[in-house]
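This report concerns only the one structure given below.
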Amino acid sequence: MKENFSRLRGFQDIFGEDLGYFELIEKTFRKYAKLYGFQEIKLPILERTELFVRGIGTSTDIVRKEMFTFEDRGGRSVTLRPEGTASVVRAFLENNLINLPQYSKIFYSGPMFRAERPQAGRLRQFHQLGVEWFGGDEPLIDFEVISMLNEILLELGLHDSTKIHINSVGCEICSPNYKEKLKTFFDENKEKFCDDCKDRREKNILRIFDCKNETCRVTLEKAPKTSENLCDTCKHHFDTLINLMTKSNINFEINPKLVRGLDYYTRNVFEVVFEGIGAQNAIAGGGRYNHLVEEFGGPYTPAFGFAMGVERTIIALKQKEIKLPEENSIAICTISENEIPKALEIAKITRGKGIITHILSYYGKISKQLKIADKLNVKYTIIIGEDEVKNNTVQIKNMLSGEQKSMKVEEITTLEI
RNA sequence: GCGGACAUAGCUCAAUUGGUUAGAGCACGAGACUGUGGAUCUCGGGGUUGCGGGUUCAAGUCCCGUUGUCCGCCCCA
């Protein structure tokens with residue numbers, strides 16, 4: 001019976017400690033996104049299927065088999081968004097944000113949906129925080145965005161356990177040549193590659209670098225590297241970024257095997273890896289996509305962005321045993337029901353000061369009320385009885401030390417929580 | 001989508017080769033304590049053993065299916 005109402009596989013309720021981490025991550029992300037001059041946008045969760053097919057690419061697994069797609073009442077094919085970038089680009093063009101310089105830098109947050117087999121760090125509904133920077137091809141932009149992400153990791157306390165992997169996948173000039181070169185190499189060593197890689201050769205040859213098969217890995221050691229096959233412009237672009245990175249304190253490494261799954265990436269791509277949270281160890285990833293705006297019918301508008309996965313970041317924070325900031329609160333207990341009006345009056349004062357206040361009178365006996373106050377982990381408990389009402393005072397008890405003293409009602413405003 | 005492991009009280013786990021009424025700790029509730037929490041003690045509530053079939057005199061235990069979780073592949077945040 002209970003079974004019929006249970007959550008769908010890969011979907012979850014987020015509350016308690018997890019929600020605390022969720023809010024911490026989102027708050028930190030928001031803070032830096034704003035400090036770096038990004039403007040927020042709230043996007044629809046449901047879009048036309050075609051948006052993602054065109055944006056993400058038909059060769060990707062996301063589009064081929066992981067989208068929640070269905071027909072709406074008007075017979076249109078619609079899809080729960082599997083990522084944010086396509087929608088941001090759509091909104092950017094649809095609202096003519098291209099003419100508003102303040103909207104060249106946009107950030108978003110929200111749930112994404114992919115119909116994958118769930119495992120740790122991989123859900124069907126998960127949350128991403130992302131930024132997109134439109135209208136510039138300078139490596140300084142790439143650097144600024146990566147720096148911002150680095151500052152977020154630093155503030156969250158994940159800085160020393162994460163590594164930023166960087167690579168360049170080239171542009172429309174050098175990438176096709178390189179892919180041909182790689183295919184030639186592949187065909188010369190065909191028998192050494194696994195079946196998955198043979199499939200990758202047809203779909204997206206670059207992905208053979210992601211293979212975990214040992215034989216494939218060894219074979220790939222001799223394969224032509226992306227970084228050695230860039231055109232002059234891409235190479236300069238990449239080198240300039242690496243130069244900036246080297247001069248900063250960012251913990252990064254050049255990973256010639258890093259390729260990204262989405263078709264729209266060009267030139268510099270990166271991924272933030274947190275070791276030790278299982279197979280799904282990338283907590284953020286992104287890169288440059290210089291032609292996506294054109295793909296949707298806009299003018300040439302180079303862009304750079306990334307998204308971070310909230311749930312994976314929560315796993316990382318928990319693993320590092322990062323403490324959540326405490327939220328102090330107080331409780332008001334009364335000896336009998338007669339003091340409830342007074343309790344309400346006091347609560348108005350404390351809540352007016354912005355203090356989280358629990359009135360516990362309905363728990364019955366004072367000993368019971370204090371027990372609840374203890375479990376709620378409140379900093380102070382205000383106790384009101386007959387005598388206190390008569391003298392317009394309260395008893396204020398420090399729940400940590402157990403000390404208790406009398407205080408005039410007017411003095412409550414001086415209470416420091 | 002493929003392969004593997006697991007599923008017992010709110011939580012963490014027990015339960016001989018299938019064999020009485022499925023136990024313990026923590027948590028929860030009541031009391032010892034009628035204007036004072038955390039400690040201790042006593043008592044108590046709580047389970048169709050994930051769900052559905054099957055084998056058997058007998059199933060938490062064996063078999064099949066199903067759902068969920070976890071791990072690997074795949075993919076990606």
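Throughout, a chain's letter reflects where its sequence line sits, starting with A, and its residues are numbered from 1. The figures that follow rest on heavy atoms only: side chains count, while hydrogens, waters and symmetry mates do not.
The same atom, P, is picked in C62(B) and in G18(B); the two are 8 Å apart, to the nearest Å. With C1' as the reference atom, C6(B) and G44(B) are 34 Å apart, rounded to whole Å. Here the separation of G46(B) from A24(B), taken at their P atoms, is 14 Å to the nearest Å. Distance check on atom P: G50(B) versus U42(B) gives 32 Å, rounded to whole Å. Of the C1' atoms belonging to A9(B) and A15(B), the separation is 15 Å, rounded to the nearest Å. When the P atom is compared between G54(B) and U61(B), the two are found 14 Å apart, to the nearest whole Å. With both ends at atom C1', the span from A7(B) to C76(B) equals 28 Å, rounded to whole Å. Straight-line distance between the P atoms of A32(B) and U69(B): roughly 46 Å, to the nearest whole Å.
As judged by a 4.0 angstrom heavy-atom cut-off over every strand, Arg117(A) is placed among the base-contacting residues. Among the atoms of the strands shown, base atoms are found under 4.0 Å from some heavy atom of Glu386(A). Residue contacts for Gly364(A): at a heavy-atom cut-off of 4.0 Å it reaches no nucleic acid atom on any strand shown. Residue Asn213(A) is classed as having no contact, given no heavy-atom separation below 4.0 Å to the nucleic acid. Gly121(A) comes within 4.0 angstrom of a base, heavy atoms only. Using a 4.0 Å heavy-atom criterion, one finds that Ala307(A) contacts the sugar-phosphate atoms exclusively.
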Please evaluate residues His291(A) and Tyr264(A) with respect to the criterion ring-ring contact (aromatic ring centres under 6.0 Å, His included), reporting the C-alpha separation (whole Å), side-chain torsions for both, the decisive distance (0.1 Å), and the verdict. CA-CA 7 Å; His291(A) 302 290; Tyr264(A) 52 65; over 10 Å; no
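In this structure, Leu8(A) atom CG and U67(B) atom P are separated by 12 Å, rounded to whole Å. Following rounding to the nearest Å, Asp196(A) (CG) and C74(B) (C1') show an atom-to-atom distance of 6 Å. The distance between atom CZ of Phe52(A) and atom P of A77(B), rounded to the nearest whole Å, is 14 Å. In this structure, the CG atom of Asn204(A) is 12 Å from the C1' atom of C75(B), given to the nearest Å. Put simply, CD1 on Ile315(A) is 12 Å from C1' on C70(B), counting in whole angstrom units. Atom P of nucleotide C73(B) and atom NZ of Lys65(A) are separated by 15 Å, given to the nearest angstrom. Taking atom CZ on Arg114(A) and atom C1' on G1(B), their separation rounds to 16 Å, with Å as the unit.
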Sequence-aligned protein contact record of nucleotides 36-46 of chain B, with B where the base is within under 4.0 Å of a protein heavy atom and S where only the sugar-phosphate is: BBB--------
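Nearest-nucleotide positions on RNA chain B for Gly285(A) and Gln119(A) put Gln119(A) closer to the 5' end. Map Asn281(A) and Pro118(A) each onto its nearest nucleotide of RNA chain B; the residue landing nearer the 5' end is Pro118(A).
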Extract from the structure each pairing of a protein N or O with an N or O of nucleotides 7-11 of chain B at less than 3.5 Å, listing the distance.
none

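The 12-atom threshold is not exceeded at CD of Glu321(A), counting heavy atoms of other residues, nucleotides or ligands nearer than 6.0 Å. No more than 12 heavy atoms of other residues, nucleotides or ligands shown are found within 6.0 angstrom of NZ on Lys371(A). Around the CG atom of Asp160(A), the shell of radius 6.0 Å holds more than 12 heavy atoms that belong to other residues, nucleotides or ligands. Enclosure of atom NZ in Lys257(A) by more than 12 non-hydrogen atoms of other residues, nucleotides or ligands within 6.0 angstrom is indicated. The number of heavy-atom neighbours closer than 6.0 Å to CD of Glu403(A), taken from other residues, nucleotides and ligands shown, is 12 or below.
Applying the 4.0 Å criterion to OP1 and OP2 of G68(B), one finds that Arg9(A) has a side-chain N or O inside that range. In this structure, Lys212(A) reaches the C74(B) phosphate: one of its side-chain N or O atoms is under 4.0 Å from OP1 or OP2. Taking side-chain N and O atoms only, Gln280(A) has no distance below 4.0 Å to OP1 or OP2 of A77(B). Between C75(B) and Arg200(A), a contact under 4.0 Å exists linking OP1 or OP2 to a side-chain N or O. A sub-4.0 Å separation between OP1 or OP2 of C28(B) and a side-chain N or O of Lys375(A) is present.
Centroid-to-centroid, the aromatic rings of Phe126(A) and Phe113(A) stay 6.0 Å apart or farther. Between Phe193(A) and Phe186(A), the distance separating the two ring centers is shorter than 6.0 angstrom. The six-membered or imidazole ring of Phe134(A) lies near that of Phe92(A), with a centre-to-centre distance under 6.0 Å.
A salt bridge links Lys42(A) with Glu40(A); the closest basic N to acidic carboxylate O contact falls under 4.0 Å. Under 4.0 Å is where a charged nitrogen must lie from a carboxylate oxygen, and between Arg81(A) and Glu47(A) no such pair does.
With Phe38(A) as the aromatic partner, Lys105(A) meets the cation-pi criteria of under 6.0 angstrom to the ring centre and within 45 degrees of the ring axis.
When only modelled atom types and interatomic distance are considered, Tyr362(A) and Glu337(A) share no side-chain donor-acceptor pair under 3.5 Å.
In terms of polar N and O atoms assigned as donor or acceptor, the side chain of Arg122(A) comes within less than 3.5 Å of the base of C75(B) in a complementary pairing. Below the 3.5 angstrom threshold, one finds no donor paired with an acceptor across the side chain of Arg207(A) and the base of C76(B).
In terms of modelled atom types and a separation under 3.5 Å, the side chain of Asn189(A) and the main chain of Lys192(A) share no donor-acceptor contact.
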Canonical and wobble pairing (Watson-Crick, G-U, under 3.5 Å) of RNA chain B, dot-bracket with |: (((((((..((((.....[...)))).(((((.......))))).....(((((..]....))))))))))))....
